[in-house]
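A, B, ... follow the sequence lines: proteins, then strands. Residue 1 opens every chain. Treat the numbers as computed from the prediction; the structure is a model and nothing was measured.
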Number of protein chains: 2
Amino acid sequence: MAPKLYGSVRSIATLRAVVAFHEKCVKFEFVPLNLTTGEQKKEPYLSLNPFGKVPAYVDGDLNLFESRAITKYIAFEHLGKGTGLVYRDLKKMAPMSVWMDVEAHQYDPVATKLVFEQAVKPFIMKMKPDSAVVKETHKKLGQVLDVYEARLSKSKYLGGDEFTLADLHHLPSMQYLKGTSTKRCSKLAPM
Amino acid sequence: MAPKLYGSVRSIATLRAVVAFHEKCVKFEFVPLNLTTGEQKKEPYLSLNPFGKVPAYVDGDLNLFESRAITKYIAFEHLGKGTGLVYRDLKKMAPMSVWMDVEAHQYDPVATKLVFEQAVKPFIMKMKPDSAVVKETHKKLGQVLDVYEARLSKSKYLGGDEFTLADLHHLPSMQYLKGTSTKRCSKLAPM
């Protein structure tokens, strides 16, 4: 039986796991949740992710949540398939871990705020973005991407010279921001 | 030569790495930075952590930052020493990764806000905590710790039946909060 991924195609965190499955060429069953009605905050889903957030992963007895823990499991469980996505050598794994944590702690909070202002508000909530918040957050994103540019002048990808989870974890929010003014204001590379 | 850890004993993130070194019984050289004068935002430190945050780890050519990436490296580099801190079996490693990410994304943002209000403001900045923020954040911490209680009714530690980085990463902020009203209001276990 294929593993199940519970989530929403609107959710950046869910899409991280979806991209990991695709990169590893692993079949999975997608179980969509209606975030608008708060399906993720109620049973039976709460038993799969007690924080009421998407996604959750289920394969037999194994139940995982937190998107980056799921992508790591998918990458290590299917080491021989598709794109590598992780290093096994500790000296290469360590810088990859650094840049995975940079994505989670330096990039993602800024990108998520911009996705909310630039995509969720206008296209889903039918509200106007707060231009002051957008301007301030663009500045913060620019500072993070300056560090990325310096890093990428020394290695081909963030985690090293191969495409890894450190890069992959950025894709869903970058995809959202591509269609917004953030693409023009910042240094987001074309994808 | 022992690895160097740059940071501040006031910094929760620095202390995560310090505790990891101690649990693994690994000697290290501590290089203190003066956060009050912004030493972490200037060269030469910026070359070690381009985000201008502490800590940074240097061992020969290897330069790491992001505290949790550092603790992971310390744990895997010294597998045979001191406390285990990590699982090597993938089926055990996956839930440990989940709870490491829970610490980073569900617990830490709430705990850090409380440390700022309850410890940094009164003891370092000589300011009064914002009681409304403390009250609201206690509620959020309580919700996270309710999930922890359910988890800890099924496994001895957060990451499984052994003490791992998933637990260790909580220690510095819990140590700060022990001396505050947060200990009485929430379900923080005595340490």
If one checks every heavy atom of B:V147 against chain A at 4.5 Å, the contacting part turns out to be side chain

When the 4.5 angstrom heavy-atom criterion is applied to B:Q143 and chain A, the contacting part is neither

[atom1] of [X]: more than 12 outside heavy atoms within 6.0 angstrom?
| X | atom1 | result |
| --- | --- | --- |
| B:K140 | NZ | no |
| A:K41 | NZ | yes |
| A:K113 | NZ | no |

Note: vs chain A, highest number of non-hydrogen pairs under 4.5 angstrom among B:K53, B:M96, B:R151 is B:K53

Highest number of heavy-atom pairs under 4.5 Å with chain B among A:L90, A:V144, A:N63 belongs to A:L90

Cluster overlap [X] with [Y], hydrophobic side-chain contacts below 4.5 Å:
| X | Y | result |
| --- | --- | --- |
| B:Y73 | B:F76 | yes |
| B:Y176 | B:M125 | yes |
| A:Y57 | A:L33 | no |
| A:I74 | A:L5 | yes |

* To do: Measure the shortest side-chain to side-chain distance between A:D101 and B:F65 over non-hydrogen atoms and say whether it is less than 4.5 angstrom.
  => no

If we only count heavy atoms from C-beta on, is the A:Q106 to B:E66 side-chain gap below 4.5 Å? yes

CE (A:M100) and CZ (B:R68) are apart, to the nearest 0.5 Å, by 13.0 Å

In this structure, NZ of B:K91 is separated from CG of A:D61 (nearest 0.5 Å) by 10.0 Å

Closest heavy-atom pair, B:L64 versus A:P95, reported as atoms and distance to 0.1 Å, is CD2-N, 4.0 Å

Take the angle between the ring planes of A:H105 and B:H105 and call it parallel below 30°, perpendicular above 60°, tilted in between.
tilted

